[in-house]
Amino acid sequence: MLHRVRSSGWACLGGISLAVAAACTQDHDVLGRDPSGGASTSGAGGGPGATTSVATTTTGAGGGAVEPPGPTKLTVVNGISDHDAVRFCFLAYPDGTGAGVDPWPSAAAGLAFARAQEVEPLGSAIPEGTSLRAHVIAGDLRATEGLDCAEILALAGESAAPIVAAGLPVLPAPVFAEEKSLLVVATGCLGGEGHTHDSEKEGCGDAYTIDTPTAGLVAVAMSRQTRFDRVSLQVAHASAATPVVHVELTPGREDATGVTLAQDLSYGAIAPFPPSTGFSVGDLGALDEIAIETRDPIEGTVTSSVPMSEILASSDVPAADIGDGQGFVLVAVGAAPGAERGGFWHPLTYSLLRANP
């Protein structure tokens, strides 16, 4: 038996500049780094203390890097730590009921943990010209087959429901009007029958209990900047259980040492900007022997190490596509570094995706 989860969590929105909510302490102005005019707005969050603020910043004429132009793109990552797959209902806010709205993705199997998928075309799932509330659904997703979003959310509210659902914080309409490559990650834990453990906070975040799930949302803009002779890399922090960390990459070469990709990376942030261009594909060595490590910013000790072979196995980016002149983002999802294995959560890993799909 599963139960419906009330709207909970918070949105950490990196940009237009989307700086916000609880646990968001790092600079989140990525979406604003272009020479557009300034504007601001705000939207309601998804639970107690959950807010979303949007304030466009301007950069140009000697003020720093400018993003290459391009159409609005949206990539969604499943970072829900305590279920194997999810589906989403993207509903207009505040009036969307879900009636006649198909869940996304269309396949009832849903989007597996740590997998990324582009919403293409954008209008196929995202209502135009309105703010958006995403509802994330997990559990026995076979029970959602053939149902629209109104029916799915009603099912989740029934006693002994086979699915669990949570309404995530609202994304304001201007987010989808920006000509940027957007990344949205569902984070934290949804809860459900048996989702309790002595180490549950390491798996789901400090606020987690079976009665207070931590499902939340991270939204950032991925940089389209590239360099013809280098691989461009950014890291997005979307693990609700992981503290501020340094993230390093150790190339797949004998006697290689780790190189920092992002320092003091906090939940909801993406870094660096501009992207790291310290490696050519040749510098990276054997791709399946690369390691992505986290370090404690104070002690300097390694707290986790994830092999690129594991990351590539769950990615839709083939190793052969990783080359110079391309941009990629590593999205940290799952439990805290070093969290006990064998619980109801997924351990820390990364989703690898194209920065400009």
Side-chain angles (χ1 to χ4, degrees), residues 9-10 12 14 19-30 77 79-82 113-114 183 185 187-189 197-209 214 216 218 220 233-253 255-273 275-276 278-279 284-285 289-311 314 328-352:
W10 53 84
C12 276
V20 273
C24 301
T25 58
Q26 193 158 325
D27 179 20
H28 298 248
D29 65 350
V30 182
V77 171
I80 295 295
S81 298
D82 62 335
F113 173 73
L183 168 65
V185 190
T187 69
C189 291
H197 191 280
D198 288 345
S199 301
E200 60 193 19
K201 297 185 187 303
E202 294 180 7
C204 299
D206 288 342
Y208 180 85
T209 71
T214 51
V218 165
V220 297
L233 293 169
Q234 289 184 295
V235 185
H237 188 328
S239 168
T242 296
V244 175
V245 290
H246 295 336
V247 180
E248 293 187 353
L249 183 153
T250 300
R253 305 191 318 267
D255 299 326
T257 57
V259 175
T260 300
L261 292 180
Q263 287 188 312
D264 296 320
L265 191 67
S266 63
Y267 175 74
I270 185 169
F273 183 86
S276 170
F279 297 102
L284 290 172
E289 295 180 13
I290 291 171
I292 306 299
E293 298 179 333
T294 56
R295 285 186 180 270
D296 183 291
I298 298 174
E299 301 294 334
T301 53
V302 174
T303 54
S304 71
S305 181
V306 180
M308 184 62 77
S309 57
E310 174 187 310
I311 298 169
S314 62
F328 301 94
V329 177
L330 289 158
V331 184
V333 292
E340 179 180 341
R341 290 180 179 261
F344 59 84
W345 52 82
H346 290 278
L348 179 70
T349 190
Y350 299 84
S351 179
L352 176 69

Sequence neighbours excluded and cut-off under 3.5 Å, please list the side-chain donor-acceptor pairs for residues 302-311, or say none.
| unit_1 | atom_1 | unit_2 | atom_2 | d |
| --- | --- | --- | --- | --- |
| Thr303 | OG1 | Thr294 | O | 3.2 |
| Thr303 | OG1 | Thr294 | OG1 | 2.6 |
| Ser304 | OG | Thr294 | OG1 | 2.5 |
| Glu310 | OE2 | Thr349 | OG1 | 2.9 |

By ring-ring contact (aromatic ring centres under 6.0 Å, His included) - contacts of His197 (at least two apart): Trp345

Can you tell me how far apart OG1 (Thr250) and CD (Glu289) are? Round to the nearest 0.5 Å. 12.0 Å

Note: Ala241 and Ala335 closest approach over all heavy atoms is CB-C, 4.1 Å

Where do Phe279 and Pro251 come nearest, in terms of heavy atoms and distance? CE2-CG, 3.6 Å

Testing Leu261, Ile270, Val247 one by one against Leu330 for a side-chain contact (heavy atoms from CB on, under 4.5 Å), which residue passes? Leu261

Neighbour count >12 (heavy atoms, 6.0 Å) for atom CZ, Arg341: no

For Pro297 and Asp264, work out which heavy atoms get closest and say how close. CB-OD1, 3.5 Å

What is the distance from atom NE2 of His246 to atom CD1 of Ile298, rounded to the nearest 0.5 Å? 9.0 Å

Over all heavy atoms of both residues, which pair between Ile290 and Gly252 is shortest? Give the atoms and the distance, please. CG1-N, 3.6 Å

Check ring-ring contact (aromatic ring centres under 6.0 Å, His included) between Phe328 and all other residues, then give those that pass, not counting sequence neighbours. none

Run the side-chain contact (heavy atoms from CB on, under 4.5 Å) test on Tyr267 and Thr242 for me, step by step, so that the C-alpha distance in whole Å, both residues' side-chain angles and the decisive distance to 0.1 Å come before the verdict. CA-CA 7 Å; Tyr267 175 74; Thr242 296; over 6 Å; no

Report the residues that fulfil salt bridge (charged side-chain N to carboxylate O under 4.0 Å, His left out) with Glu202, sequence neighbours left out, ordered by chain and then residue number. none

Residue set satisfying ring-ring contact (aromatic ring centres under 6.0 Å, His included) with Tyr350, at least two apart, ordered chain then number -> none

Which heavy atom of Cys204 sits nearest to which heavy atom of Phe344, and what is that distance? SG-CE1, 3.6 Å

Would you give the length of the straight line joining atom CG of Leu265 to atom CZ of Arg295, rounded to the nearest 0.5 angstrom? 15.5 Å

To the nearest 0.5 Å, what is the distance between CG (Leu249) and OG1 (Thr260)? 10.0 Å

Asp206 atom CG: more than 12 heavy-atom contacts under 6.0 Å: no

Step by step, would you call Lys201 with Thr209 a side-chain contact (heavy atoms from CB on, under 4.5 Å)? CA-CA 8 Å; Lys201 297 185 187 303; Thr209 71; 4.1 Å; yes

With sequence neighbours left out, which residue pairs that include part of residues 328-339 fulfil the side-chain hydrogen bond (donor to acceptor under 3.5 Å, both in side chains) condition? none

Indicate yes or no for a side-chain donor-acceptor contact from His237 to the backbone of Val245 under 3.5 Å, with no hydrogens or angles considered. no

I'd like to check Cys189 versus Thr214 (side-chain heavy atoms, cut-off strictly below 4.5 Å). Are they in contact? yes

Leu352 CG to Ile292 CD1 distance, which is reported to the nearest 0.5 Å: 9.0 Å

Ignoring hydrogens and angles, tell me if any N or O in the side chain of Thr187 forms a donor-acceptor pair with the backbone of Ser239 under 3.5 Å. no

